[in-house]
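In what follows, a structure is listed as structure tokens, so that the remarks can point back to it.
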Amino acid sequence: MDGGFMKFAIAEAEKALALGEVPVGAVVVCGGKVIGAGHNLREKDKNPLRHAEMTAISEAARNVGDWRLNGCDIYVTLEPCVMCSGAILNARMDNLIFGAYDPEYGAAGGRLDLFARHCYGGTAKVTGGVMENECAELLNRFFGTVRSAKK
């Protein structure tokens, strides 16, 4: 089932790519249904908090009517940063499933691992590398375009 929900997250990342944003997408799943979705909107909204995960978590909490998202999973196309990892842990989600690893900014085992420290009262299980090639390809395409534009 991971691949199906990751495909949904990839579709969200493609929305970000179409807007010229770093192509990251996220979906929150509870009871086998998507209850929150988001993609990066930092540039468009001029807001550092507009990461895909933050939008998806906010929408899921609104739909559930509670900040606690126990029993829910989040699928993200890129390993979450410190801010987003903290939000996932604070929301008490059961599982984090991500696609591409982020050795520079990732906080789920890449640069550091907040999940191994049992921070913020949450203990989400982490699975990385789900549809990694597909997720990384979107990022490579975006950053290749950015590098070409700078030349």
Side-chain angles (χ1 to χ4, degrees), residues 1-45 47-61 63 69-120 122-148:
M1 195 59 154
D2 287 350
F5 291 122
M6 188 58 77
K7 286 180 184 175
F8 198 121
I10 289 169
E12 285 294 317
E14 288 170 343
K15 292 177 187 177
L17 183 63
L19 295 170
E21 297 276 352
V22 175
V24 178
V27 294
V28 176
V29 176
C30 200
K33 295 182 181 176
V34 174
I35 61 168
H39 53 275
N40 275 359
L41 291 167
R42 289 188 314 169
E43 298 300 330
K44 179 183 175 293
D45 291 353
N47 185 335
L49 303 177
R50 295 291 284 170
H51 286 208
E53 300 94 325
M54 302 300 275
T55 300
I57 292 167
S58 293
E59 184 176 293
N63 287 332
L69 297 174
N70 302 89
C72 298
D73 304 326
I74 188 165
Y75 292 77
V76 188
T77 58
L78 179 65
E79 180 183 353
C81 69
V82 172
M83 174 180 69
C84 295
S85 293
I88 292 164
L89 288 164
N90 270 303
R92 311 292 197 267
M93 284 192 233
D94 288 1
N95 294 289
L96 159 64
I97 301 94
F98 69 86
Y101 288 85
D102 187 347
E104 191 170 351
Y105 297 107
R111 181 65 154 190
L112 60 118
D113 192 349
L114 291 184
F115 296 87
R117 298 172 185 265
H118 303 289
C119 298
Y120 305 108
T123 55
K125 180 184 171 205
V126 177
T127 304
V130 174
M131 297 183 70
E132 182 176 6
N133 292 337
E134 294 88 336
C135 295
E137 190 277 326
L138 281 172
L139 292 159
N140 291 335
R141 189 173 358 145
F142 173 80
F143 287 110
T145 302
V146 168
R147 283 188 287 274
S148 294

note = Minimal heavy-atom distance between Thr55 and Ala37, with the atoms involved, is CG2-O, 3.8 Å
Sequence neighbours excluded and cut-off under 3.5 Å, please list the side-chain donor-acceptor pairs for residues 8-21, or say none.
residue : atom : partner : partner atom : Å
Glu12   : OE1  : His39   : ND1          : 2.9
Glu12   : OE2  : Lys15   : NZ           : 2.9
Glu21   : OE1  : Arg42   : N            : 3.2
Glu21   : OE1  : Glu43   : N            : 3.1
Glu21   : OE2  : Glu43   : N            : 3.0
Glu21   : OE2  : Lys44   : N            : 2.6

Shortest non-hydrogen contact between Met6 and Gly99, atoms and distance = CE-N, 3.6 Å
inquiry  = To the nearest 0.5 Å, what is the distance between OG1 on Thr77 and CD1 on Ile97?
reply    = 13.0 Å
query = Has the side chain of Arg141 got a donor or acceptor atom that lies under 3.5 Å from a matching backbone atom of Leu139?
reply = no
task = Using the ring-ring contact (aromatic ring centres under 6.0 Å, His included) rule, collect all pairs that involve residues 80-102, keeping only residues at least two apart or in two chains.
result = Phe98-Tyr101
query = Any side-chain heavy atom of Asn63 sitting closer than 4.5 Å to one from Glu59?
reply = yes
ask   = How close do Gly38 and Ala56 get, heavy atom to heavy atom, and via which atoms?
value = N-CB, 3.8 Å
message = So which atom in Leu49 and which in Asn47 form the shortest heavy-atom distance, rounded to 0.1 Å?
response = N-OD1, 2.8 Å
query = Does the side chain of Pro23 reach to within under 4.5 Å of the side chain of Asn40, using non-hydrogen atoms?
reply = no
task = Could you tell me whether Arg111 atom CZ has more than 12 heavy atoms of other residues or ligands within 6.0 Å of it?
result = no
Nearest-0.5 Å distance, CG of residue Asp73 to SG of residue Cys30 = 8.0 Å
task = Kindly compute the distance separating CG (Asp94) from CG (Asn70), expressed to the nearest 0.5 Å.
result = 6.5 Å
ask   = CG of Asn95 to OG1 of Thr127: how many Å apart, nearest 0.5 Å?
value = 6.5 Å
note = When every non-hydrogen atom of Gly110 is compared with those of Glu79, the smallest separation belongs to N-OE2, 2.5 Å
ask   = Any idea which heavy atoms bring Glu53 and Cys84 closest together, and the distance?
value = OE1-SG, 3.4 Å
query = To the nearest 0.5 Å, how far apart are CG in Leu69 and CE in Met93?
reply = 5.0 Å
inquiry  = Please report the interatomic distance SG(Cys81) to CG(Leu112), rounded to the nearest 0.5 Å.
reply    = 10.0 Å
request  = Could you check if a side-chain atom of Phe115 sits within less than 4.5 angstrom of a side-chain atom of Ile88, using non-hydrogen atoms only?
outcome  = yes
message = Contact between Val82 and Tyr105 at the side-chain level, heavy atoms closer than 4.5 Å - yes or no?
response = no
key: Audit row: His51, Val24, side-chain contact (heavy atoms from CB on, under 4.5 Å) steps and yes/no   = CA-CA 8 Å; His51 286 208; Val24 178; over 6 Å; no
